[in-house]
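What you see is a predicted model; the values in this text were computed from it and never measured. Below, all heavy atoms of this structure are taken into account, side chains as well, without hydrogens, waters or symmetry copies. Throughout, residue positions are numbered sequentially from 1 according to the sequence presented.
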Amino acid sequence: MDTKFNRPKGFGEILDLTFRLSKNKFSDFLLINLIFMGPIYLLQIFIQLFSGVSFFRELGSGDVWYEQILSSFEETGSANLGADLGIIAVSFFSIFLFPVASAAILIAINHIKKNEEYTVGSIIREAFSRYGPILGSSILFVLLLIGLIIIPIIIVVLVGVIGALANPFAGILMAILLFIGFAIGIGLLLTRWGFYFGAVVLDGEAIGFTRSWKLSKKRTWALFGLYIVFSLIVSTISYAVEVSFGLFLGNSILLSIISSVVSLFTMVIFSVGYAVMYLDAKTRHDADDLKEMIEDYNVVQS
């Protein structure tokens, strides 16, 4: 077993291992994402191309260059409703492909943990062997997420409106506090259930929510923090690249290509980070189980 995986890791160690694995195995992981997500991005680019979007630089109306750049995003979006609908329809298929890419990366890192050889083709086949449970559990997780978001929003809006009728300041303040409280609570719950994916892929679970709840026990806040850090890293990279290139290219096809490449890169970071977190949780949980077995054995012997 790889020594980097055989002991529980702290917050910083998980981040360090994530970036080292992303760097050392970047070509493998990028190829996996390219195989599954590349066709989706390519179809989106073709739809934009046939809808008349400029390849190199898209400019809108305006007297100065920055007005032309900014208006290109507004005018392109409003003038190509059919293209936008086509892109949304194509993006829908990523729901069925992205989980397999993430599963393949998770399986690859599990092989690395065990010092086992693998090929991109072999881990993709392993991922597809769990496709049914992966898709089913992912759909259930999305439905759970929708429920956890919609119900609190309804409560916050009702409290805000009713409170504002009695006292506008108090009503708005209460709505803000409720929103923050619900956001943290939802984040913690999703953290407890979020390891369902790893349980389904690696542990043969049908759904994985119960297994995830056990694995995240006593580590909820730390894992929640890691999810936030990875989300911030991914969103910051994406936003910085899109804004930087968008200032010169406008809402062009070339910007879409650059954004797609960046998405492939950030998906690697997030998928690897998730895999490292899951395997670390397993290491901690298995160690706790072993300690309990030893304690029970000592009690019996005494």
Side-chain angles (χ1 to χ4, degrees), residues 4-5 8-23 29 32-33 37 94-95 98-110 113 134 137-153 179-203 205 207-240 262-285:
K4 295 187 292 293
F5 289 97
K9 291 170 286 296
F11 196 100
E13 291 175 306
I14 289 177
L15 292 174
D16 178 66
L17 182 55
T18 295
F19 290 119
R20 280 196 284 138
L21 285 170
S22 299
K23 176 184 176 182
F29 300 153
I32 291 170
N33 281 334
M37 302 307 297
S94 64
I95 298 173
F98 177 69
V100 186
S102 298
I105 292 176
L106 177 58
I107 292 168
I109 294 178
N110 191 47
K113 174 186 176 181
I134 288 172
S137 59
S138 296
I139 292 173
L140 286 176
F141 186 77
V142 170
L143 293 175
L144 178 66
L145 174 61
I146 293 172
L148 286 174
I149 291 175
I150 290 178
I151 294 174
I153 287 177
F179 177 80
I180 294 173
F182 276 128
I184 295 174
I186 292 170
L188 293 174
L189 283 175
L190 293 178
T191 299
R192 294 300 304 269
W193 285 314
F195 281 149
Y196 81 94
F197 188 80
V200 169
V201 175
L202 296 182
D203 297 335
E205 297 282 338
I207 297 178
F209 291 135
T210 302
R211 171 71 168 164
S212 176
W213 192 269
K214 293 178 181 177
L215 289 176
S216 57
K217 184 179 180 181
K218 299 180 182 179
R219 289 278 294 167
T220 308
W221 282 102
L223 294 171
F224 182 48
L226 283 166
Y227 277 124
I228 291 175
V229 170
F230 282 122
S231 298
L232 287 174
I233 291 172
V234 167
S235 59
T236 300
I237 292 173
S238 300
Y239 181 77
V262 172
S263 295
L264 293 173
F265 171 74
T266 54
M267 281 191 291
V268 167
I269 295 176
F270 200 90
S271 296
V272 173
Y274 177 88
V276 173
M277 290 166 60
Y278 180 77
L279 292 174
D280 180 69
K282 280 191 66 175
T283 299
R284 291 174 180 274
H285 184 264

Test F195 against M277 for side-chain contact (heavy atoms from CB on, under 4.5 Å), laying out the working first.
CA-CA 9 Å; F195 281 149; M277 290 166 60; 4.0 Å; yes
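- Taking OG of S22 as the reference point, atom CG of L17 lies at 9.0 Å (rounded to 0.5 Å).
- No donor-acceptor contact under 3.5 angstrom links the side chains of Y278 and N110, judged on distance only.
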Under the side-chain contact (heavy atoms from CB on, under 4.5 Å) criterion, do L190 and F224 qualify, and how do the steps go?
CA-CA 9 Å; L190 293 178; F224 182 48; over 6 Å; no
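- You'll find the side chain of F230 reaches within 4.5 Å of the side chain of L15, heavy atoms only.
- Contact detail for S94 and M37: the closest heavy-atom pair is CB-CE, 3.5 Å.
- One distance of note links CG of L215 with OG1 of T283; it measures 10.0 Å at 0.5 Å rounding.
- Closest non-hydrogen pair, V201 versus A103, comes out as CG2-CB, 3.8 Å.
- Atom-to-atom distance recorded for F11:CZ and L223:CG is 9.5 Å, nearest 0.5 angstrom.
- A side chain to side chain contact (heavy atoms under 4.5 Å, CB included) with S271 is found for one member of V276, T266, I105, T18 and no other, namely I105.
- Rounding to the nearest 0.5 angstrom, the gap separating the CG atom in L148 from the CG atom in L143 is 11.0 Å.
- Side-chain contact between Y227 and Y274: present, with at least one pair of heavy atoms (C-beta onward) separated by less than 4.5 Å.
- Side-chain contact between W221 and L188 is present, with at least one heavy-atom pair separated by less than 4.5 Å.
- More than 12 heavy atoms of other shown residues, nucleotides or ligands fall within 6.0 angstrom of atom CZ in F182.
- Of the residues listed (V272, I14, I233), the one engaging F19 in a side chain to side chain contact (heavy atoms under 4.5 Å, CB included) is I233, and it is the only one.
- Taking both residues in full, the closest heavy atoms of F29 and L21 are given as CE1-O, 3.8 Å, listed atom of the first, atom of the second, then distance.
- Nearest approach of S231 to F270, heavy atoms of both residues: OG-CE1, 3.9 Å.
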For V142 and I95, run side-chain contact (heavy atoms from CB on, under 4.5 Å): C-alpha distance rounded to whole Å, both residues' side-chain angles, the deciding distance at 0.1 Å, then the answer.
CA-CA 11 Å; V142 170; I95 298 173; over 6 Å; no
Please lay out, stage by stage, how K282 and R211 fare under the test side-chain contact (heavy atoms from CB on, under 4.5 Å).
CA-CA 10 Å; K282 280 191 66 175; R211 171 71 168 164; 3.8 Å; yes
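- Other residues, nucleotides and ligands place no more than 12 heavy atoms under 6.0 Å from the CD1 atom of I151.
- Atom OG of S212 sits about 10.5 Å away from atom CG of D203, to the nearest 0.5 Å.
- For the atom pair CD of E205 and OG1 of T210, the computed distance is 7.5 Å after rounding to the nearest 0.5 Å.
- Between I134 and V100, the closest side-chain pair of non-hydrogen atoms is not below 4.5 Å.
- Judged as a side-chain hydrogen bond (donor to acceptor under 3.5 Å, both in side chains), the pairs with a partner in residues 187-198 (not counting sequence neighbours) are, in order, S138-Y196, R192-S216.
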